[in-house]
There are 2 protein chains.
Amino acid sequence: MRISWITEDKHTPSVVEYGKVSGEYSEKARGEHTSYQYFLYSSGKIHHVKIGPLHPATTYFYRCGRSGPEFSFKTPPSQFPLQFVVLGDLGQTEWTASTLKHVNSSDYDVFLLPGDLSYADTHQPLWDSFGRLVEPYASQRPWMVTEGNHEIESFPTSYPDSFIAFNARWPMPFQQSGSTSNLYYSFEVSGAHILMLGSYTDFHAQSDQYKWLQADLANVDRTTTPWLIALLHAPWYNTNTAHQGEGEAMRLAMEKLLYDARVDLVFAGHVHAYERFTRIYDNKADSCGPMYITIGDGGNREGLALTFQSPASPLSLYREPSFGHGRLRIENETHAQWSWHRNNDSDAFEADNVWIHSLRSSKECWNHTQDSSLDVHDEF
Amino acid sequence: MRISWITEDKHTPSVVEYGKVSGEYSEKARGEHTSYQYFLYSSGKIHHVKIGPLHPATTYFYRCGRSGPEFSFKTPPSQFPLQFVVLGDLGQTEWTASTLKHVNSSDYDVFLLPGDLSYADTHQPLWDSFGRLVEPYASQRPWMVTEGNHEIESFPTSYPDSFIAFNARWPMPFQQSGSTSNLYYSFEVSGAHILMLGSYTDFHAQSDQYKWLQADLANVDRTTTPWLIALLHAPWYNTNTAHQGEGEAMRLAMEKLLYDARVDLVFAGHVHAYERFTRIYDNKADSCGPMYITIGDGGNREGLALTFQSPASPLSLYREPSFGHGRLRIENETHAQWSWHRNNDSDAFEADNVWIHSLRSSKECWNHTQDSSLDVHDEF
C-alpha cells in the first residue's frame, strides 16, 4: 500500500508511522518524495511511502511526516466478498461532494477510478484543492486510478510532455505488473485481477501498452483470480451522443485481447452519464464477451451528457444522465452484483441492479478461453 | 471581407449575395467550403466566401446560400475615428450572453478576440452552439480572432494535430500578411496595423512565426498606419495568481521585436479578469514600451480568476476580477481612448478609462524606432 500526501514544508520527512491501535504506531516506513514545476507554479513536497506487509481486512491507524493528524484505512479482504466503488469523471463541484458523500454512506474495499480526476486542466492549484476534497475518502481506502483526457495537461512549446501532475501526484504500482508507464498497469485484490488501461497513450498492436497487455493477460491465473475486470477512460460502447467514436480506435486494437481472455467487465468514464450494456463482442451481443458499463457520472463541472441516441440500441440495457456512482460486490468465485446509485436518491436505493456470472464459471465460454489462453502463452 | 457559415444541407451553394439595399442583392460572390471529422462527429458544410471590394463605413445587406434570412453588416471606416471591441475567453455561458449584450449596446467597428472562443474542448457540437450564440454579433461586424489554449483540441494517438475545428471554422486572412499559418497573421484597418500572434505555436527565434513577425514589422508603414497593436492569448505581464509564467517564454522570445517596433498596445486573454499595466519593457516601466492589457473576462465557464498577487506591482495600474469587455476608440493619429465596461454596470459606465498617446507621435520614442526599423529592413 502506498500513502501519498503533499506538504508545503520542504523539511517534512517522507515517513509514515502506522499500527493497529490508534495513537500507537508500531511500524514505520520511509519513502520518497518528488515535486514539479508548471510555469511559475511549484508543487509542494509530494511524498510517496510504501507501507506493509499489511494484514487483510484490517484497520490501520497512521500519521504522515511524523506529526499531524491521525488517519485510518482499512485493507481489502483476502477472500470474497469484495466490494468496489467505481466512479469516473469526478471533478470538484458540489455534485462531486454529493457523490463522494453517497459513496461513503456504506462500506466498500477499493475505489476504482477510470480517469478524469481533478479537471485542473493546467490550473495546477486545482490539483491541490482536489487533493483536499478527496482526502477524507482517499485516506481511508485504496484509490486505484487510470488516466483520462483531463489529466493530459500538455502545453504546446513549453510542456509538450503530458501527464506531468498526474504522474507526480498519483503514481500507481505499474512496475509490479511489468508495465513501464503509470498510464497502464494491473493489480490483484482478493480474487480479482484488474486491468487499468490507458486511453491516451499508444494502444496499437506494436505499442508498449499492447505488448504489456498481452503478457499481463497471459499471466493471469483464473484459479486464484477468477474475476477479470478492465477499466479505461473513453468507452468502447456508448449510445450517448457525447464522445461518439472516441474509443473506437482502441476498441479495434484491443477488444480481441480482452475477449479472448474472457474479461468479465469493462468500465469506462468520459461520457457524463450512466449506461450499462449487455455482454458484447465486436458490436454484437455475445455471452462470452465483457459486460460494458459507462460510469462517468461523478459530478464534474462540464455537467451531464443529457442526450442518448434514438432509437436505443438493443445492446444498451440501461442508460440515464444522472450523477451517481456504481458498486460492484463480488460475492464469490461465480457471482457478483452490480448496482448504480443516483445522488438524487437515498443512499440505500439501487437505481439499477444486475447479477453477473463470472465467465470463468461458464462452461460455454471457459473451455474456449483456456485454449486461446494457452496460445497466448506460447508466444512468450 | 470573408463571410463564414455552416449548413447541415450539403447541397447549399457557397454563395453570398449582397448589396446596399435590403432585399436587393446587386453583387454575388462564390467561395469555398470545407468540413471535418472528429471521431464520429461530422461537421456541417462550412462555407467561406470572400466578398468585395466594399465601401468603407457602409452597411451591406446579405444572405447566404441563395436563400434564408437576410443579415447586415457595417464595414469599418477608412479614416479615424475607429472603434474596436476587445474581449477574450468568451465561452458560451449566461455571463457570455451578458457580455455580448453589453458589447452591442453601443456602436463599434471591429471585434478583436485574443483567443479562447467556444470552450468546446473536443466536444465538437459546442462549436456549433457557440456559432449560434455569436451569430447575431459576428454577422454584423468583422470578428478577428487568434487562438487560445482552448482551441488546441489535440487528442493523443487519434488526433495529434491541433486546432482542427478552429482552423476549419475560423480561418483568418493569414496569407494576405505573408503568414503560412492561421495561428498568426496581421491585418490593417483604417490607420491601425494589428498583429494577431500565436501563443500556442512556436515563437522562438528560429521559428516561422518569429521570422514572419520580423518581416511583417519591417513592412509596417507608420505614416499610413500610425497605430500598431498586438494581440496574443497568454499574457506577458500578469499579476493575477492564475497562469503565472505561462507567457514568459514567448515574452523572452518576442518582446524586443515589439518594443523596437514601438508597438502601442498588447492585449492578452487567458486570465479571467481585467488588468491594465503601464507602458513596460523588460519588466520595467518604459515610456516607449507597449501598454499591456489583460482582457480575459468574457464569461467562460471556468469563472473568474479572483486572486491577485499582493502587494500590487507598481506596473499594474488597474486590476479587477469582473466579467466585462474593453473598447479602444482611436480618435486620430495621436490619441486613443481605452475603456473597460463591467457587465454589472449600466452600458454607458466606464469602470476604467485612460487616454493613450501613440508612440508614433512621441518625439522621445519615435526617432529611436525609425533607426532600428531601418536596421530591421536591412536584414531583408
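Chain letters run A, B, ... following the sequence lines, proteins first and then strands; every chain starts at 1.
- For B:Tyr237 and B:Tyr292, the ring centers are positioned less than 6.0 Å apart.
- For the pair B:Arg301 and B:Asp89, the salt-bridge criterion is not met [side-chain N within less than 4.0 Å of a carboxylate O].
- Of all residues spanning residues 305-315 of chain B, none has a heavy atom less than 4.5 Å away from chain A's heavy atoms.
- For the atom pair OG1 of A:Thr96 and CD of A:Glu94, the computed distance is 9.5 Å after rounding to the nearest 0.5 Å.
- Within the 6.0 Å centre-distance limit, the rings of B:Phe155 and B:Phe39 are counted as a close aromatic pair.
- In this structure, chain A has heavy atoms under 4.5 Å from both the backbone and the side chain of B:Glu246.
- Applying the side-chain contact (heavy atoms from CB on, under 4.5 Å) test to A:Ser181 and every residue at least two apart in sequence or in another chain returns A:Ser179, A:Leu183, A:Tyr184.
- The pair B:Lys45-B:Glu8 fails the salt-bridge criterion, with no side-chain N (NZ, NE, NH1 or NH2) lying under 4.0 Å from an Asp/Glu carboxylate O.
- Not counting sequence neighbours, A:Glu153 has no partner by the salt bridge (Lys or Arg N to Asp or Glu O under 4.0 Å) test.
- In this pair, B:Tyr200 and B:His270 present their aromatic rings perpendicular. The plane angle is above 60°, beyond the 30 to 60° band.
- Taking the charged nitrogens against the carboxylate oxygens, B:Lys211 and B:Asp216 have no contact shorter than 4.0 Å, which rules out a salt bridge.
- Below 4.5 Å, heavy atoms of chain A meet heavy atoms from B:Ser158, all part of residues 158-168 of chain B.
- Between chain A and the residues B:Gln124, B:His243, B:His204, the largest count of heavy-atom pairs under 4.5 Å involves B:His243.
- Heavy atoms closer than 4.5 Å to chain A are found in the backbone of B:Thr201, but not in its side chain.
- Between A:Tyr259 and A:Tyr281, a ring centre-to-centre spacing shorter than 6.0 Å is recorded.
- B:Ile152 CD1 to A:Ile152 CD1: the interatomic distance, rounded to the nearest 0.5 Å, is 11.0 Å.
- Of the listed residues B:Asn149, B:Asp121, B:Thr157, B:Thr122, the one with more heavy-atom pairs under 4.5 angstrom with chain A than any other is B:Thr157.
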